[in-house]
Colleague: 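Sending over a structure as C-alpha cells; questions will come in a sec.
Source: prediction; values computed, not measured.
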Amino acid sequence: MKEYKELEAKNKKYKNYKTKHEFLSKFQKTDRLHPIVTICIYYGEDEWDGPRSLIDMLDIPEEFESLISDYKFNLIELRKSELLKFQNEDVKTIFDICRFIYNRNMIKLIISTKKKQYHQNLEW
C-alpha cells in the first residue's frame, strides 16, 4: 500500500495521466509494484501437517475451487532442509545443526561444529 501511495502521489504531482482511467485510479498503465514473498520456516519437531495453500485453508465446495485464486504457501521445513542451497555459509550451518539435532545425529552435529570452529580459526 505504501508503494502504491508513493506512485499515486508522484502521478498526481506530475499529472502523469494518459487516460481518464489512469486519472481515476491514480495509477499509470506502466506502473509496477514490487512483489512480496512470504516464507514460513517451520522448526517444529513433528512434520508439518497444516495447509500448504489458500484453498487448503478454505471450506468451499469442490465445484467452486476453480473460481478461487489459490496462493501457494512457501514453507521450509527445517527437518527436511538438506537439499536447500544457501549462499550464506552461516545460514547453511544453522540449518545443518538444527537438522542434526532434530534427527538426533550427534556425530554429524559434532563434526559440523568442529569443522566450523576450524574454519573460523583459519580466518584469524
Side-chain angles (χ1 to χ4, degrees):
M1 201 59 192
K2 179 183 175 203
E3 190 174 21
Y4 172 80
K5 293 281 187 196
E6 289 170 359
L7 283 169
E8 179 185 42
K10 182 189 82 171
N11 290 335
K12 190 174 180 181
K13 179 179 178 179
Y14 295 109
K15 302 195 185 328
N16 290 338
Y17 310 117
K18 295 181 179 105
T19 68
K20 62 183 177 185
H21 304 292
E22 288 183 354
F23 174 77
L24 290 173
S25 69
K26 309 290 187 254
F27 201 76
Q28 290 182 302
K29 192 174 188 176
T30 56
D31 285 339
R32 296 292 179 261
L33 300 173
H34 291 92
I36 296 174
V37 177
T38 303
I39 299 173
C40 175
I41 300 175
Y42 175 67
Y43 53 89
E45 289 190 36
D46 298 326
E47 283 192 38
W48 177 264
D49 63 354
R52 294 186 180 262
S53 72
L54 179 63
I55 286 186
D56 290 346
M57 297 171 71
L58 301 175
D59 186 21
I60 54 173
E62 194 174 316
E63 58 269 15
F64 291 118
E65 281 186 14
S66 64
L67 302 172
I68 306 295
S69 294
D70 197 12
Y71 297 94
K72 187 175 86 168
F73 185 66
N74 296 301
L75 175 72
I76 296 176
E77 284 190 75
L78 208 99
R79 299 175 63 92
K80 298 178 180 180
S81 61
E82 63 273 352
L83 298 178
L84 297 176
K85 304 287 184 217
F86 297 103
Q87 290 181 353
N88 184 304
E89 194 61 34
D90 291 334
V91 172
K92 179 189 179 316
T93 300
I94 289 192
F95 270 76
D96 288 345
I97 288 172
C98 291
R99 197 174 52 256
F100 298 150
I101 290 169
Y102 283 133
N103 295 335
R104 294 178 175 33
N105 194 336
M106 294 307 153
I107 294 172
K108 280 190 175 181
L109 175 63
I110 292 167
I111 292 170
S112 173
T113 310
K114 294 291 182 191
K115 197 183 295 183
K116 182 72 176 165
Q117 288 172 348
Y118 175 75
H119 288 294
Q120 284 175 340
N121 289 337
L122 289 178
E123 292 173 4
W124 289 95

Colleague: Atom CG of L54 and atom CD1 of I60: how far apart are they, to the nearest 0.5 Å?
Modeller: 8.0 Å
Colleague: Might you confirm whether atom CG of D49 has over 12 heavy atoms from other residues, nucleotides or ligands at distances under 6.0 Å?
Modeller: no
Colleague: Establish whether L83 and L75 are linked, either directly or via other cluster members, by ILVMFWY side-chain heavy-atom contacts under 4.5 Å.
Modeller: no
Colleague: Can you get from V91 to L78 by hopping between Ile, Leu, Val, Met, Phe, Trp and Tyr side chains that sit under 4.5 Å apart?
Modeller: yes
Colleague: When rounded to the nearest 0.5 angstrom, what is the spacing between NE2 in H34 and CD1 in I36?
Modeller: 11.0 Å
Colleague: Which residues pass the side-chain hydrogen bond (donor to acceptor under 3.5 Å, both in side chains) test with E47, not counting sequence neighbours?
Modeller: K80
Colleague: Shortest non-hydrogen contact from L7 to R32?
Modeller: CD1-O, 3.9 Å
Colleague: I'd like to know if the side chain of D31 and the backbone of F27 have a donor-acceptor N/O pair within less than 3.5 Å.
Modeller: no
Colleague: Which pairs, with at least one residue in residues 70-93 and sequence neighbours excluded, count as a ring pair (Phe, Tyr, Trp, His ring centres under 6.0 Å)?
Modeller: W48-F73, F86-F95
Colleague: How long is the span from the CD atom in E8 to the OG atom in S25, to the nearest 0.5 Å?
Modeller: 9.0 Å
Colleague: Taking all heavy atoms of R79 and all of G44, pick out the closest pair and write down the distance.
Modeller: CD-O, 3.6 Å
Colleague: Flag yes if more than 12 heavy atoms outside F23 fall under 6.0 Å of its CZ atom; otherwise flag no.
Modeller: no
Colleague: Measure across N16 and E22 and return the closest heavy-atom pair with its distance rounded to 0.1 Å.
Modeller: O-OE1, 3.8 Å
Colleague: Taking side-chain hydrogen bond (donor to acceptor under 3.5 Å, both in side chains) as the test, write out the residues that go with Q28, two or more places apart.
Modeller: none
Colleague: Between Y17 and H21, is there a donor-acceptor pair closer than 3.5 Å when you use the side chain of the first and the backbone of the second?
Modeller: no
Colleague: Does K29 form a side-chain contact (heavy atoms from CB on, under 4.5 Å) with K18? I'd like the steps, not just the answer.
Modeller: CA-CA 9 Å; K29 192 174 188 176; K18 295 181 179 105; over 6 Å; no
Colleague: Could you walk me through whether D70 and K72 pass side-chain contact (heavy atoms from CB on, under 4.5 Å), step by step?
Modeller: CA-CA 7 Å; D70 197 12; K72 187 175 86 168; over 6 Å; no
Colleague: Could you identify which residues cluster with Y14, counting Ile, Leu, Val, Met, Phe, Trp and Tyr as linked when any side-chain heavy atoms lie under 4.5 Å apart, either directly or through a chain of such contacts?
Modeller: none
Colleague: Could you walk me through whether N74 and T38 satisfy the side-chain contact (heavy atoms from CB on, under 4.5 Å) test, starting with their C-alpha distance in whole Å, then the side-chain angles of each, then the deciding distance to 0.1 Å, before giving a yes or no?
Modeller: CA-CA 7 Å; N74 296 301; T38 303; 5.6 Å; no
Colleague: Who passes side-chain hydrogen bond (donor to acceptor under 3.5 Å, both in side chains) against R99, sequence neighbours left out?
Modeller: S81, D96
Colleague: With the 4.5 Å side-chain cut-off for hydrophobic clustering, are L84 and I41 part of the same group?
Modeller: yes
Colleague: Any salt bridge linking K26 with E6? Criterion: basic side-chain nitrogen under 4.0 Å from a carboxylate oxygen.
Modeller: no
Colleague: Does some side-chain heavy atom of K2 sit less than 4.5 Å from a side-chain heavy atom of K5?
Modeller: no
Colleague: For K10, give me all partners under side-chain hydrogen bond (donor to acceptor under 3.5 Å, both in side chains), at least two apart in sequence or on another chain.
Modeller: none
Colleague: Taking CD in E45 as the centre, count heavy atoms belonging to other residues, nucleotides or ligands within less than 6.0 Å. Is the count above 12?
Modeller: no
Colleague: Could you please spell out the steps behind the side-chain contact (heavy atoms from CB on, under 4.5 Å) verdict for I97 and T93?
Modeller: CA-CA 6 Å; I97 288 172; T93 300; 3.6 Å; yes
